[in-house]
Amino acid sequence: MPTVEIDPNELRELTNADEKSDDDLIDDMFALGLEFEGRTEDDEFELEFAPDRLDRLSVEGVARSLRYQYGDDRGVYVPNTNSAEWTITVDEAVPEERPYVTGAVVRGVNLDEDALDSLIQLQEKLHATMGRKRAKGAIGIHDLTMLKGSSAGDADSSVRYTGVTPEEDSFVPLDADREMTPADVLEDHPTGETYADLVRDTERYPAIYDELGLFSFPPVINGRRTEVTTGSRNLFVELTGTDQWTIDKMCAIICYALSARGGTIEEVTVEYPDHDLIRPDLSTETKTVSHERIETILGIDLDPEEVIDLAERAGIEAETAEADGGRSVERAERDDHDSEDLVYEMTIPPYRVDVLHPMDLIDDLGRAYGFNELEPRYPDVGTVGGRHERSRLEDATRRNLVGLGFEDLLNFHMINEKENFDRMALPADGGDGERAEGEAVYGAGEPATIKEPYSEDYTMLRTWVLPSLVMVLERNTHRAYPQDLAEIGFAAEVDESENTGVTERRSVGAVLARHDAAYEDAKGRLQTLVGDFGGELETPPTEHPSFIDGRTAAVVIDGEEVGVIGELHPKVLVEHDLEVPVAGFEFDLEVLN
Amino acid sequence: MKLPHAQAAVVETASADEAQSVDALAAATDLPTETVTGAAFELEEEGLVAVEERVDETVSITEEGREYVNQGLPEIRLYEAALEAGAADDPISMGQVIGASGLEGQAVDIALSNYARKGYGSIDSGEITADSDADPGSDSEANALEETASTSGVDDGATGATDDEGEAGSSPADALGIDEETLESLERRDLLERSETTVRSVTLTELGVTELMGGVETTETVGQVTPDLLTSGDWEDAEFAEYNVEADAEPVQGGKVHILRQTADRVKDVLVGMGFQEMEGPHVDADFWINDCLFMPQDHPARTHWDRFALEQPTHIEDLPADLVDRVERAHRKGVGDDGEGYHSPWDEDFARALALRGHTTSLSARYLSGEETGRLEPPQRFFSVEKVYRNDTLDPTHLLEFFQIEGWVMAEDLSVRDLMGTFEEFYAQFGITDIEFKPHYNPYTEPSFELFGTHPTTGELVEIGNSGLFREEMLEPLGVECDVMAWGLALERLLMLMYGFEDIRDIHGTLCDLELLRETEVTY
């Protein structure tokens, strides 16, 4: 889970809650879903957050939520905005891979060191979450006073979002002391190397110009000229990305945080070739939520006033309305039994990115009410329980194997080629596991393989169970013999006739390791097991590379060849450092059905 | 009278006139000493013999003691060397005397520490004097050693075994005329050892004599019960040989159902009892069923994250239900309902068709809810599974690449979070966890969502024990479900570790398992 770092003193300051101890704050934040993980070296709280409320990725947002929780704030707050003086023009050269831009101007921000750190953290956390590591949205924040708006034409200042070829222009990026082309940045600048993959394969790289030239190379790095410091009072915020809604929401969250630091938001005009946008988009949205649904989800009766109160405490606003129009709260109360078509128009603030459905607002009401205040009840709904047939068969077979003295094992379904094939002396030729006569060798099917395995030990699904059992024998040569092990386990192979391209089966594998283990010991047990399930067992001689020739048979149950039985070949035993003979068998569970 | 074999032998061998030790009787009857002792006590209870007990102290010479008998005590050898060197007249340097004595190593220390104590002379500033009046011939320690050695037979170890007075090389303390002071000194020097043994001797009583005169028969004792014994009726007169019923027997290696399976079985029992039906389905499945049907956006970090097990071969599912694909895509793009919002994320059917090992069994829930597995479901329904899921992550004591997920859901009209809480309280109560806390949480496919916390039954810690919520309408509507569904999941291994306190899950699950641990693990039920 991602974490965010919050300074408790700042939190107290921004919530006007000096009386709260650190522990109080920790408890209050837990109720918001921010879990205290520990403290940083600077004694800040490290909090784990659930990735829905991305407006709480900095101290300003957490403080806002706490003020709602404390009842200091109610309803929806939207900061005032001044009208645009700056324009971002989007020209035709913008790379088609990153066509969208948005932005805002914020004036009069009080950026002390803490506020600047918080802003940088917010930017990073937004990049990591909504921004999908800057691929979907990237934020650049600049010192406005260092920008020179183009005075071509009217009084408005403007910057230009465009694209440049990798070597076309140069600028001094942050954390560098020389002019670099975008190509140089990708090559030689640490931040450039990190984000190189986002632009490397495109013909033109995103670039933002003012009158003086290139000052930002999104989504990679800003120029040093416009670097924001604790002395910066007026800021220019730009965001580029692959989705307008996403960057607009990220922009709104940044604007709210800067507004909490005393900033005044000023609009910018985004001039696309075919249309203009006024940004930031701090418009609210509304959703219609039914009173009845609120009551059934929370399982309690509520008055409309209570719902409206809960909504305001949750930082949303609710007004009663009627599904088919024109009903008042008074009438709903007067006519309490018929509140079916009572609905609320709920207003959602612009920084919320997680409200996709009215249910998300009902969840907010529940949190404001306190879910743990609700009395649990067992649902009065009758159903009939039961096990799946395959699962019952598996259990019955397992009981019989244990009755025959086998230790029941549980191994991984994943294995690697070496263990599954090579060390069992099976040809690791995947699909070509055919003998001269054209009969398939048990276990030698084509494996389903993992694309990017984390560990070399687990690169495919096992095609049979015996290799796992032999590995357990190998690991336990220091333990007492006899070691009679069995597993009813999953095995799979590639099978083009299946919808998923893989046939999955349950397989019954068993090994007997002891100083005098012989074919007969395995056969005796197999005979009993198959007999218990009313099957008819035949064991015609066969050949299998894992077993000794002349001591190997096919397992044929009710006329169908479903497995193999025999004494493991000495080369398999020696390969696994075993010094006792091992007899074993494996067959498909389904045949016992 | 009839007596068991051992008792008959003891009665016949014992005498009314002379007490015989148990060892002597054992030798005479050719029975083990324990058997004779047992028989003697049984006979005593019948009043046929009297058993007397006496505690004997025996003295035996140690190996070191025996060495000095042969070579002389070190202090005497030092004295003799000192006399030789003329130390009776003038102090002689210690090094010279020791060199002449032939003493080496520890023997030197022993000699020096006993020399003055026993009045052979004095040692001062590295010089040694000898007292010419001292007489090694009357050294009580030397004499006592010699006597002990001779009476207990110095070279008699082998035949001494039948010595009925004690073990080889030991003599009854009384028989040796050694005074207590000398004995203690020698014991301190580890040259002699004293030990106490209980000696029992047996005498025939008058009743015993009478019975013996009347004739004693031996009853047959039976070892193995045989078919012949049973059919012949001989068992009626048979005396069954006694076993040592307390002794450990040869270990028997039995089979046992795997501990994690036992736990899974218990969970299944509980859920079936609560009216849940079991689901099953593919381990290798399309991302469509694993993620898209769960309203997980295609650019969600969990879907591109490296912990997902994408398949290299095969790569894509052949068929997906076309109308369901359309509905799911629409939910992702536009949301569900009049006021629904979609994700501002790309959606591509080819991406949805990619195969992977399922990261959760919620893919099964999606398949069942869609009607794909058992046909359209009408509420109410309860379903569960306890099946494997896969996470491409590091292996450590609490995390495996494969683990069992308990997944359960309830479908009904108008479910509330209170129903959800009541159901989970009931479930966890079955495992002794009774104080569940519901922490509001976020899951992409449930709303409201709760993490479940409970108190660890042994450590008392508050631990996370599951994740739950009501499936979102964006998930249910495309699947064709028109009522509410609440669901929860947790790792079976977590429950196992909580309930039984295992510390390293790798010892139990997988090919690194330790057979001994599995064999010795307590059965759960």
Side-chain angles (χ1 to χ4, degrees), chain A residues 33 50 52 132 243 245-246 287-288 296-299 356-360 363 366-367 371-372 374-379 381 383-388 390-391 398 402 405-414 448-451 454 458 468 471-472 475-476 479 482-483 494 499-502 504, chain B residues 253-258 260-261 268 272 275-278 280 282-285 299 309-314 317-319 335 337 339-341 344 355 380-382 388 392 401-402 412 414 416-419 421-423 425-426 438 440-442 447-448 473-474 509-513 515-516 518:
Chain A
D52 55 340
R132 306 290 192 233
D243 178 68
W245 181 90
T246 303
K287 293 205 185 298
T288 308
T296 61
I297 290 297
L298 300 184
L356 304 180
H357 189 276
M359 185 65 96
D360 296 306
D363 181 59
R367 288 178 191 236
F371 279 116
N372 276 298
L374 299 174
E375 187 69 32
R377 68 176 176 212
Y378 193 77
V381 168
T383 53
V384 177
R387 296 283 293 272
H388 194 278
R390 193 264 305 150
S391 146
R398 184 170 293 119
V402 167
F406 288 104
E407 188 74 34
D408 174 40
L409 288 191
L410 186 56
N411 288 309
F412 295 138
H413 298 167
M414 283 184 290
T449 51
I450 309 298
K451 201 187 262 167
Y454 181 80
Y458 307 102
S468 313
M471 285 166 78
V472 175
R475 283 278 301 186
N476 284 279
R479 297 303 186 199
Q483 294 179 3
V494 170
N499 191 23
T500 58
V502 173
E504 301 178 5
Chain B
Q253 220 59 268
K256 188 153 61 178
V257 172
H258 193 277
L260 200 50
R261 293 274 187 209
K268 290 179 185 184
V272 168
F276 286 78
Q277 278 190 66
E278 193 174 14
E280 80 149 8
H283 294 236
V284 173
D285 211 348
D299 65 352
F309 274 117
L311 251 59
E312 181 176 64
Q313 174 184 278
I317 199 165
E318 180 89 20
D319 262 341
D339 266 352
E341 308 275 335
H344 298 268
L355 290 169
Q381 300 286 347
R382 286 185 174 90
K388 266 209 178 155
N392 201 359
L401 303 186
E402 307 177 8
D414 293 336
S416 81
V417 294
R418 293 178 56 198
D419 298 310
M421 293 170 168
T423 298
E425 281 201 341
E426 193 62 43
F438 296 86
H441 187 59
Y442 167 73
E447 184 83 325
E473 282 179 49
E474 292 93 333
H509 186 173
T511 47
L512 300 180
C513 73
L515 274 185
E516 191 157 283
L518 289 182

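Values in this document were obtained by computation on a predicted structure and should not be read as measured data. These values consider heavy atoms only, across backbone and side chains, with no hydrogens, waters or symmetry-generated copies. Each chain gets a letter, A, B and so on, in the order the sequences are listed, and its residues count up from 1.
The two atoms that bring A:T383 and B:G275 nearest to each other are OG1-O, 2.8 Å, heavy atoms only. Across all non-hydrogen atoms, the minimal contact from A:E407 to B:G254 is OE1-O, 3.5 Å. The two residues A:L356 and B:E474 make their nearest non-hydrogen contact at CB-OE2, 3.7 Å.
With a 4.5 Å cut-off on non-hydrogen atoms, B:A412 touches chain A through its side chain but not through its backbone. At a 4.5 Å heavy-atom cutoff, the contact between A:E504 and chain B is made by side-chain atoms alone. B:E473 touches chain A through its side chain: at least one heavy atom from C-beta onward sits under 4.5 Å away, while N, CA, C and O do not. For a residue to count as touching a neighbouring chain, one of its non-hydrogen atoms must lie under 4.5 Å from one of that chain's; by this rule B:F438 touches chain A with backbone and side chain alike. For a residue to count as touching a neighbouring chain, one of its non-hydrogen atoms must lie under 4.5 Å from one of that chain's; by this rule B:E516 touches chain A with backbone and side chain alike. A:D243 touches chain B through its side chain: at least one heavy atom from C-beta onward sits under 4.5 Å away, while N, CA, C and O do not. At a 4.5 Å heavy-atom cutoff, the contact between B:L518 and chain A is made by backbone and side-chain atoms alike. Both the backbone and the side chain of A:R387 have a heavy atom closer than 4.5 Å to some heavy atom of chain B. Interface residue B:E447: backbone and side-chain heavy atoms are both found under 4.5 Å from chain A. Interface residue A:D360: backbone and side-chain heavy atoms are both found under 4.5 Å from chain B. In this structure, the portion of A:R367 lying under 4.5 Å from any heavy atom of chain B is its side chain and not its backbone.
Remark: B:K256 does not engage A:D408 in a salt bridge, criterion side-chain N to carboxylate O under 4.0 Å.
Between chain B and the residues A:G386, A:P482, A:G501, the most heavy-atom pairs under 4.5 angstrom are made by A:G386. Of the listed residues (B:E426, B:Q313, B:M421), the greatest number of heavy-atom pairs within a distance under 4.5 Å of chain A belongs to B:Q313. Listed options B:Q253, B:E318, B:H258, B:E425 were ranked by heavy-atom pairs under 4.5 angstrom with chain A; first place goes to B:H258. By number of non-hydrogen pairs under 4.5 angstrom with chain B, the leading residue of A:P379, A:S468, A:G299 is A:P379. Annotation: maximal heavy-atom pairing with chain A below 4.5 Å, among B:L512, B:D299, B:L355, occurs at B:D299. Counting heavy-atom pairs closer than 4.5 Å to chain A, the top-ranked of the candidates B:C513, B:G335, B:P440 is B:P440. The most heavy-atom pairs under 4.5 Å with chain B, out of A:R377, A:M471, A:E375, come from A:R377. Heavy-atom pairs under 4.5 Å with chain A peak, among B:D414, B:V284, B:L260, at B:V284. Considering only heavy-atom pairs separated by less than 4.5 Å from chain B, the leading option among A:L409, A:I450, A:V494 is A:I450.
You'll find the side chain of B:P314 stays beyond 4.5 Å of the side chain of A:T500, heavy atoms only. Under the 4.5 Å side-chain criterion, counting only non-hydrogen atoms from C-beta, B:V417 is in contact with A:L374. Side-chain contact between A:F412 and B:L401: absent, with no pair of heavy atoms (C-beta onward) separated by less than 4.5 Å. The shortest distance between side-chain heavy atoms of B:R382 and A:V381 falls below 4.5 Å. B:E280 is listed as a side-chain neighbour of A:R390, based on a closest heavy-atom distance under 4.5 Å. The closest side-chain heavy-atom distance from B:S416 to A:L298 is not below 4.5 Å. Under the 4.5 Å side-chain criterion, counting only non-hydrogen atoms from C-beta, A:Q483 is in contact with B:L515. Between B:V257 and A:R398, the closest side-chain pair of non-hydrogen atoms falls below 4.5 Å.
By the 30° and 60° cut-offs, the orientation of the rings of B:H344 relative to A:W245 is parallel.
Atom NE2 in B:H283 sits 6.0 Å away from atom NE2 in A:H413 (nearest 0.5 Å). Residue A:T449 holds its OG1 atom at 6.0 Å from CG of B:L311, rounded to the nearest 0.5 Å.
Partners of B:T511 under the side-chain hydrogen bond (donor to acceptor under 3.5 Å, both in side chains) rule, at least two apart in sequence or in another chain, do not exist in this structure.
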A:S391 vs B:E278, side-chain hydrogen bond (donor to acceptor under 3.5 Å, both in side chains): CA-CA, chis, key distance, verdict: CA-CA 8 Å; A:S391 146; B:E278 193 174 14; 2.7 Å; yes

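For B:E402 (side chain) and A:M414 (main-chain N/O), a donor-acceptor pair under 3.5 Å exists by modelled atom type. A donor-acceptor pair under 3.5 Å is absent between the side-chain atoms of B:R418 and the main chain of A:P376, judged by distance alone. In this structure, B:D339 contributes its side chain and A:T288 its backbone to a donor-acceptor pair below 3.5 Å.
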